[in-house]
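Below is one structure, written out as structure tokens; comments come after it.
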Amino acid sequence: MPERTAVGVEIQESAIYLAELALDADRPVILRLKTITIPPKVITGGEITDLDSISSLIDRALKEDGFDSRQLYVSLLDRRFVKRTKRVQVMKSADLMSDIEDSLSSIYPFTRQEFQVGYQIGKRDALDKEVPIFWEVLYAGIAQSKVDSLLELAEHMDLHFSSIDLSCLSALRVMTWLEDSEQTVLCVFADQDYIDLNIVSNRCNVSTFTIRLKRKEDLSIETLKEQVLTKINLILFVYNSKYTDFPVPTRGLFLSRNAFLDPLFPYLQEALPDISFDIVSPQSVCQFSDTISFSDQSDHNIANYVVSIGLALKQFESFGQTLSFIKQKKQIGPIFNMQELKISVLVFVSLFTLLFGLDYYINLADSRIESDVADVKRQIVSLQSGEYIKRQKQLRKYQDLITRYDKIRSHNRSKTEFLQLLVRDLPEDLSLLDIDFNKKNQVRLSGKALYQDSIYAFYNHLKAHFDDVKIASIVTKYSGDVPENKFAIEFIWM
């Protein structure tokens, strides 16, 4: 079995779709597919009402078909999600989250119920270098009860969900997986209950709109064609007006798992001649292992697994790319044992002691340097009446000493500020194990975390304050069913 595999689990009201993927030379490989039929009323209104039944169905399928359940990425049917994009200047994660929550709290249905927020950041430099770097933020909200329903399922099955995602974003991940990161692409995903429209540029989702569909018997394909074209023209107009530093979309991608909406593709090809449309399918993105039957590989059957395949792809995407609805504080409780807690406390105390000792040492060194500088200045004054040539040489010597002391003092203070910035907003389950510097101001951090989402959050925190930040590695190992993610991050300091 490959070292890294992931299972996508899409839960609908009538069926659950499972897809297990691995990576082979940067190409996703589908290892297993499974459809589970759900009895009536087990899921109602997007919430799980019978935990015993659904957990038994999923557990049996995972074990009997040999799925690796250590990395599970899940979505639950929810027609009332809200998804938006915005451009913001670089800010703290807590401030960004507060801003997003304020924006969503005024949107129905979140004016009347608790909701959960997820977001992802795309970083872009402004054309005017004096203007701060912008973040292209895609954010979304779903009812808190939907998230709680899934977390209760995970706890009931004694499993860990790596991420909770939206079905439309999972489909978008399939559509853009092989795309050139420099291109601007218009993506159209036609599902049973909605049509999702997105503009993606340089891996940033910069514009999004979702069209909710009425009951199938009330739908007219001709009316729907006009509605979709109107919305596409609207988001293209807004995009071209707002994002003048991004290229105009010339490529379009179409993905459908609703046969009723398939006629949209030729219609859009004709109605938007400046955009070259292609049909995307899981077959064009993934390879199939020998265990997948030919019937499952057919266009009709594989379309059902688009979302579950996109969920599993989350394991293999670039670092920190897409949102999740799991909060850190909710992940820690169920699987944090006392040994891990003691280790985390020990690491925190060690880091605090290190910072306190370093701060004391630097303050002591500053005091000594201040005294040395004062002595040097007094000696400069005493030289004013000496021999001219000798006086000039000694003056230069002492001026050089003052300059050197000032550099040492500035460097020590900057190190203190660096360490304080480093541990600010540190995720609760993330520990730093080693910090390496070199003469070129290159820094390499190594550490470990219980959850990969914590590493991505720390990575985004560093990107807001340092240059050339990149994740050098993430290695996941397991102690039983509990993951340990060791990582290394490199960046330029000063």
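Under 3.5 Å, the side chains of S162 and Q71 contain a donor-acceptor pair of N or O atoms.
To the nearest 0.5 angstrom, L450 atom CG is 7.5 Å from N485 atom CG.
In the displayed structure, R112 atom CZ is contacted under 6.0 Å by at most 12 heavy atoms of other residues, nucleotides or ligands. In this structure, Y478 places its OH atom where more than 12 heavy-atom neighbours from other residues, nucleotides or ligands lie under 6.0 Å away.
With respect to F325, the side chain to side chain contact (heavy atoms under 4.5 Å, CB included) criterion is satisfied by exactly one of V147, L151, L76, V117: V147. Between V137 and the options I100, L323, T85, a side chain to side chain contact (heavy atoms under 4.5 Å, CB included) holds for only I100.
Partners of F81 according to the ring-ring contact (aromatic ring centres under 6.0 Å, His included) rule, which considers only residues two or more places apart in sequence or in another chain, are Y194. When the side chain to side chain donor-acceptor pair (under 3.5 Å) test is applied to E179, the partners found at least two apart in sequence or on another chain are R251.
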For this session: Test D65 against L18 for side-chain contact (heavy atoms from CB on, under 4.5 Å), laying out the working first.
Result: CA-CA 10 Å; D65 290 74; L18 305 176; over 6 Å; no
Problem set entry | Chi angles and distances behind the side-chain contact (heavy atoms from CB on, under 4.5 Å) call for F288, Q283 | CA-CA 8 Å; F288 292 91; Q283 296 98 315; 3.8 Å; yes
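Between Y243 and F246, the two ring planes are tilted [angle within 30° to 60°].
Under the salt bridge (charged side-chain N to carboxylate O under 4.0 Å, His left out) criterion, the residue pairs touching residues 223-232 are E222-K225, with sequence neighbours excluded. Applying the salt bridge (charged side-chain N to carboxylate O under 4.0 Å, His left out) test to every pair with at least one member in residues 192-202, sequence neighbours left out, gives these pairs: R79-D193, K83-D196. Sorted by first and then second residue, the ring pair (Phe, Tyr, Trp, His ring centres under 6.0 Å) pairs with a member in residues 85-112 read F110-F115; sequence neighbours excluded.
Note: H160 and Y451 meet the aromatic proximity criterion, with ring centroids under 6.0 Å apart.
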Residues 261-270 side chain polar contacts: donor-acceptor under 3.5 Å, at least two apart:
from: D262; atom 1: OD1; to: S256; atom 2: OG; distance (Å): 2.9

